[in-house]
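Please read the structure below before turning to the comments.
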There are 2 protein chains.
Amino acid sequence: MTTKPTRSKRATVHDVALEAGVSRGTVSRYVNGERYVSAAAREAIEAAIAKVGYVPNTAARNLVMQRTQAVGFIVHEPHSLFVEDPNIGEILLGANTRLSEADHQMAVLIVDTERDTDRVARYLSGGLVDGVIIVSARADDPVTRVVDRLRLPAAYVGHPPGAAGSASFVVIDNVGAAASITRRLMETGRRRIGMIAAALDRDSGADRLSGFREALGDAFDEALVEPVPLYSYSAGRDGMRRLLDRAPDLDGVFAASDAVAAGAIEAIKESGRSVPDDIGVVGFDDSAWAQRTTPALSTVRQPAAGLGAEAARLVLARLRGDEPATEVRLDCDIVWRGSA
Amino acid sequence: MTTKPTRSKRATVHDVALEAGVSRGTVSRYVNGERYVSAAAREAIEAAIAKVGYVPNTAARNLVMQRTQAVGFIVHEPHSLFVEDPNIGEILLGANTRLSEADHQMAVLIVDTERDTDRVARYLSGGLVDGVIIVSARADDPVTRVVDRLRLPAAYVGHPPGAAGSASFVVIDNVGAAASITRRLMETGRRRIGMIAAALDRDSGADRLSGFREALGDAFDEALVEPVPLYSYSAGRDGMRRLLDRAPDLDGVFAASDAVAAGAIEAIKESGRSVPDDIGVVGFDDSAWAQRTTPALSTVRQPAAGLGAEAARLVLARLRGDEPATEVRLDCDIVWRGSA
DNA sequence: TTGTAGGCGTTATCAA
DNA sequence: TTGATAACGCCTACAA
């Protein structure tokens, strides 16, 4: 007579207690490594656990303990970006490392479609995580609302426009980085430097323009700034065409992102000019684009892993009840390649 | 007299019931959209919910329902690969889409360090997910062991060597794809075709070599196969250097991955030869590398999103109690660019 | 050092 | 339609 081969119920503390001839309390104490468990009891319990194949049910434990030792990592990228942006992977890993050190599990939740939004919001409100890290959040979607409403300890990577109160934000120093790379461009001897300024309605876009202006100082010329709506290749190409029409004597350009820069390079080449001889080009992000252009882009590298780690540090602090900084700003490196 | 501003306890069904003047059962029925709730009760409950700010506790629900509507997605990649392999992102998205349609939450768990392994294993055994998708598993680590032991419904993307019994595996047809692209290379008129064979200790690596050998048939020459340990750029470059030393008359090479191919192209160029005129190069994966080389790589494209979707489909089937196929093999496309 | 019993927030069964 | 009440699996006083 064998046991039924059908899905057998998982063993519980109760089963172990029965098998070992002790009480559930004692089993629980043993499992949690507390003292006050006699050698005899310990042995009996160990044998029983092995025999019935007991494995603790975290869900039940979480329920009674009112904490999960888990934090959610929500990524809310447009489909394409998620696949090709190397930064996001680095951020993930950076956060995971920090959380892992603190013995917290990180659960990545992907928001891709509309449906996902609500499901993730439910997941978060369900008490399955103690806190949350959010990258590239929308200002006002169900996810951020739920986080707000629940006062779920949170840290954002990036600062969604109009973001609310009680969370932390970790951002890169867009102004400083833009200024640095612009200065570097000036130091190579460029005299008429323009900018393709993208997404001026976002903090990142506006800040990069500020940095550019700051670096140029008196040499700043409003007419050499070409605003484009998006951080995209085609926006960069079109913007550069217009800029070249307006200022044929341009000899340097700062594109607000690598994709924009790649587009700009195409426009420059089609105008018969060469990069970097006639016009030096610098970008921003050190994304996959930066390696794909010819010549490869000089650009700003985001400290992606650092962003993740810092975000993790901030939620962990909040979990401990601290009130960490509301915004921390990380410096970027410049990588100098062939385009300027 | 205001409410205490300190962390107020979250409202429960109990609170709502009290406030609405009905029983907990009725509230529960309302929340779950069952019928048999009178209009009067409904209104009272809705008001109460709004007033006390009730949000259901999923953890508690999971405990009593004995299911979570969540499946874990475990990625167990070496650090660097995770960051740069676009396939993993696609797989993720493919799986998420399918799970989302079935109204299941996907939780990505990253295994990066040793510590992660155990924590993830605990997470899985804790009853926090109903099933699990595993990409690039190790043959015998705590994670796979726990999955086995718990008979957790599982689907693997890729087939870890020596993998056990009751799960499903979704793989690409490495042999077939390698043979196809090798044949294609032969059809362009190459006569002395070598291979940089990476990661021969993995199924993928060994299978790609098999396909290569199969396509070449009698023309196969053991001496033209250069084994390298990893799917990496530097391994490809170094391997190609050795191969060229040994066989200067080579006119075609199949690199076991795009990164390897990119490295190979560098070595070919530094030897003074040109691609594709002197030597045709083909890769595998259609990763970011493939677009980055000059000329761009002819390569094998993995149906990455399909892999994820299929894996999701398989766990979902198991969750329903079905016994789906134990291995499903997906075909790859060839994308022909300038490198051969 | 151990056992008892109450509670974590839900759902589900069964009378009423 | 509704309300008790018993699980779900675990932790934790408290008493012994």
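To find a chain, count down the sequence lines: A is the first, B the second, and so on, and within it residues start at 1.
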Exercise. Tell me: CG of A:Leu63 to P of C:dG7, nearest whole Å?
Worked result: 14 Å
Problem set entry | Proximal nucleotide (of D:dG3, C:dA12, C:dT11) relative to the B:Glu34 side chain | C:dA12
Problem set entry | Toward the 5' end of DNA chain C, by each residue's nearest nucleotide, B:Arg24 or A:Arg35 | A:Arg35
For this session: Tell me what A:Ala59 touches on the nucleic acid: a base, only sugar-phosphate, or nothing, going by heavy atoms under 4.0 Å.
Result: nothing
Exercise. Which nucleotide in the list D:dT2, C:dT2, C:dT11 gets nearest to the side chain of B:Val37?
Worked result: D:dT2
For this session: Check whether any side-chain nitrogen or oxygen of B:Asn62 sits under 4.0 Å from OP1 or OP2 of C:dT10, and answer yes or no.
Result: no
Problem set entry | Derivation of the side chain to side chain donor-acceptor pair (under 3.5 Å) call for B:Arg122 and A:Thr58 | CA-CA 8 Å; B:Arg122 279 205 312 275; A:Thr58 317; over 6 Å; no
Exercise. If you find the nucleotide of DNA chain D closest to B:Gln66 and the one closest to B:Ala39, which residue's nucleotide is nearer the 5' end?
Worked result: B:Ala39
Exercise. For the side chain of A:Ser28, counting heavy atoms from C-beta on, which of D:dT1, C:dG9, D:dT12 is nearest?
Worked result: D:dT12
Seminar exercise, completed: With the side chain defined as heavy atoms from C-beta on, A:Tyr54 is closest, among D:dC10, D:dG9, D:dA13, to D:dC10
Seminar exercise, completed: Among C:dT1, C:dG9, C:dT4, the one nearest any side-chain atom of A:Ser23 is C:dT4
Problem set entry | Polar contact flag, side-chain donor to acceptor under 3.5 angstrom, B:Thr26-B:Ser23 | yes
Problem set entry | Among B:Leu314, B:Val315, B:Leu93, B:Leu316, the one residue meeting side-chain contact (heavy atoms from CB on, under 4.5 Å) with B:Arg98 | B:Leu316
For this session: Choose from C:dA12, C:dT10, C:dT2 the nucleotide whose nearest atom is closest to any side-chain atom of B:Val13.
Result: C:dT10
